[in-house]
Protein chains: 2
Amino acid sequence: MTVKEIAELAGTSRGTVDRVLHGRGNVRPELRSKILKVIEETHYKPNQLARALINSRKKFHIGVVLHSVGNPFFEDVLKGIRYRAAKFESHGIELTVKEIKGFSAREQIDAINELKNEQIDGLVIMPIDVAEIRRVLSSLAIPVVTLNTDIEVPKVAFVGCDYVNSGMICGDLAKLILCNGGTVAIVIGNATIAGHTERVKGFLASVGEAEAIRVMTPIENEDDDDISYRKVKELLQETAPDLIYFGAAGIEGGIRAVLECGRRIHIVTVDYTDTVKRYLKSGVIAATVTQQPFVQGDEAINILFNVLADDRQPRDINNYTRNQVLLRNSKEY
Amino acid sequence: MTVKEIAELAGTSRGTVDRVLHGRGNVRPELRSKILKVIEETHYKPNQLARALINSRKKFHIGVVLHSVGNPFFEDVLKGIRYRAAKFESHGIELTVKEIKGFSAREQIDAINELKNEQIDGLVIMPIDVAEIRRVLSSLAIPVVTLNTDIEVPKVAFVGCDYVNSGMICGDLAKLILCNGGTVAIVIGNATIAGHTERVKGFLASVGEAEAIRVMTPIENEDDDDISYRKVKELLQETAPDLIYFGAAGIEGGIRAVLECGRRIHIVTVDYTDTVKRYLKSGVIAATVTQQPFVQGDEAINILFNVLADDRQPRDINNYTRNQVLLRNSKEY
DNA sequence: CTGAAAGCGCTTACAG
DNA sequence: CTGAAAGCGCTTACAG
């Protein structure tokens, strides 16, 4: 079935069929019904290829705002973004990426404004969760996709990690390892960061079932290796946890402290930085739970482009990537 | 850059540019060089959308031979196949699926011959590894993709599980759980099935590093729940393993025997059947390692269609899906 | 060996 | 409100 055939069957022209197909109005009601009936009866499905070929005449300009570039985690997100943009090359995508070093709300707002001046049609952003950013994003007249970290603003979709679930899976790992009970220490960046506390929440929910496991109050390392080293060092002088769960960054410093103490302590981490990779392969880290950063970037662009070019909304506003358990012999194909 | 522009710059016609682009010959050498030079200089990239639109005029008929349908694992493979076929609907794909119940080489050969009569352009098959099938497949003049189970025949690609690695990851799990040492029993279907022995091999390679872990000789249950029940029952009367690794089917029967014995034994399994799911969620199974059956079906069709429609060979002949560790709280988004 | 023309299925002005 | 025509970027006969 083609538009031409539909038009013939309905005794009209392709242009009119197209108007009905896209609800552009300006069609006599009876004619409209007739066309709809023919479409219905013939099970007409528009050819996506032809449609995309036409659509590719329009350019869709997508702006991306990322921070902390240089960090391998975010590099993977960026790779996913570029991968999907390359896939849409023929489809008329145009990408402008603003990379910000560190976490500056001021710089993030400047980047958004620059993109606005470049007339972007949609925005993908890893937002910093402060009131000012929320205000700026809410006043935007274009579709927004929040990436990796969510924030309360009107948006087309959030693509990122289900942190509570990530914490639960780490709790499952702790239960496996400490099947005869034991004490757990938790190290996170900062209790004001939603993702970090959600991980702790999930961890406790999962481990709560195991009576023989005792969990100590989380330690904060500000995602900094030096602080992490110092705090873990202190911790190990005072107590003797059987397992440490590193639910954020600062893993390198923390592990250094563990290794120096000489005792055998099980370690569970998150993500897959070079440090984690090295210690996982050497057996120092028992397991790590990753969140598919590449897929996050990939999917964010995919969703936004489909909204812009084809008005196809995502099924769900929340798009969580998989929390994957990697062990010593896990491969990254 | 378009073919038209290339033609103008090279002072020739679109038809001739097209001939050069596809190496169809019949172009004067000097003209050919000139066209290639222009293509090079302008960084011309053919528009995939337009190309696919044209290609969709041709129909590519793909035959699929699957066995053991009804088994949820294979159902997921089939879902992946249908998913990708639907994606290629506009691209001119035509699919004929032959489902065989059980493992009959005879029926598999009949299915292949029926597909041959239907003039398929390519074949996706989960081959039964016997000489006769190898002979039939080798004599086929069309591209073949082996799915889930590999077999020594000329082929475009194999898509399936890296069984050795799957076993290694299960070994990693055993090491986590038995961090203070212990005894492991292994249950597989049959030592003549490559995937099963490869899993054992991987498991031993991984566990071999841990001196405190003793691994017993694998038990064979013929992938049958009743045999599995009986054999595990016997095993538990004679010995007291701390962990049982079920590296194939017959999990339901085996676990029944474990539960009846009343002792606490850690269980690690493969795949994600309803039985596994239920026992994983209830904490009876500690962890399972899955092989992405949906992705296997999806990817097999994807690879074969790209070969047929666009002559795009896969990068690698072996396409392994991820061996994923699922724990109690793992989600299937 | 080469080019002019037609066509894939759709959408977009434009004239009425 | 409607239809005839042009065009997206590519490939395919076909005539020479």
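This is a predicted model, so every value here is computed, not measured. A, B, ... follow the sequence lines: proteins, then strands. Residue 1 opens every chain.
Summary of the strand contacts: Thr16(B) and Leu53(A) both lie near DNA chain C, and taking for each the nucleotide with the nearest heavy atom, the more 5' one is attributed to Thr16(B). Nearer the 5' end of DNA chain C, as judged by each residue's closest nucleotide, is the contact made by Gly15(B), out of Gly15(B) and Gln48(A).
Considering only side-chain N and O atoms, Ser13(A) lies under 4.0 angstrom from the phosphate OP1 or OP2 of dG3(D). OP1 or OP2 of dT12(D) sits under 4.0 Å from a side-chain N or O of Lys58(B). In terms of phosphate contacts, Thr12(B) brings a side-chain nitrogen or oxygen within less than 4.0 Å of OP1 or OP2 of dG3(C). Under 4.0 angstrom from either OP1 or OP2 of dG9(D) there lies no side-chain N or O belonging to Asn47(B). Taking side-chain N and O atoms only, Arg24(A) has a distance below 4.0 Å to OP1 or OP2 of dT12(C).
Nearest nucleotide to the side chain of Asn26(A), out of dT11(D), dC1(D), dC8(D): dC1(D). Taking only side-chain atoms of Thr2(A), from C-beta outward, the nucleotide of dC10(D), dG9(C), dA13(D) with the closest atom is dG9(C).
Side chain of Thr42(A) to backbone of Val38(A): a donor-acceptor contact under 3.5 angstrom is found.
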List the steps and the verdict of ring pair (Phe, Tyr, Trp, His ring centres under 6.0 Å) for His67(B) and Phe74(B). CA-CA 8 Å; His67(B) 51 65; Phe74(B) 296 104; 5.5 Å; yes
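Between Ile54(B) atom CD1 and dC10(D) atom P there is a gap of 10 Å when expressed in whole angstrom units. One can place CD of Glu5(B) at 13 Å from C1' of dC8(D), the figure rounded to the nearest angstrom. Rounded to an integer number of Å, the gap from Glu8(B) CD to dC10(D) P is 13 Å. Taking atom NE2 on His91(B) and atom P on dC8(C), their separation rounds to 18 Å, with Å as the unit. Going from atom CZ of Arg14(B) over to atom P of dG3(C) covers 13 Å, rounded to whole Å. The distance from atom CG of Asn55(B) to atom P of dG7(C) is 19 Å, rounded to the nearest whole Å. Rounded to whole Å, atom P of dG7(D) lies 18 Å from atom CG of Asp18(A). Regarding Arg51(A), its CZ atom lies at a distance of 19 Å from the P atom of dG9(D), rounded to whole Å.
A salt bridge links Asp18(B) to Arg24(B): at least one charged side-chain nitrogen sits closer than 4.0 Å to a carboxylate oxygen.
Judged by atom type and distance alone, Arg57(B) does not reach the base of dG9(C) through any side-chain donor-acceptor pair under 3.5 Å.
Of the nucleotides present, dC1(D) is the one that pairs with dG16(C) by Watson-Crick or G-U wobble criteria, both distances under 3.5 Å.
In this structure the side chain of Tyr44(B) never reaches within 4.5 angstrom of the side chain of Glu5(B), judged on heavy atoms.
Between Phe88(A) and Phe305(A), the ring planes are parallel. Angles under 30° get that label, and only those over 60° would be called perpendicular.
Each of Leu66(A), Asp110(A), Val65(A) was compared with Ile100(A) under the side-chain contact (heavy atoms from CB on, under 4.5 Å) criterion, and only Val65(A) meets it.
No donor-acceptor contact under 3.5 angstrom links the side chains of Glu299(A) and Asn319(A), judged on distance only. At a cut-off of 3.5 Å, with distance as the only test, a side-chain donor of Asn306(A) or Asn302(A) sits close to an acceptor on the other residue.
Residues of residues 27-38 of chain A having a heavy atom closer than 4.0 Å to DNA chain D, listed by number: Val27(A), Arg28(A), Leu31(A).
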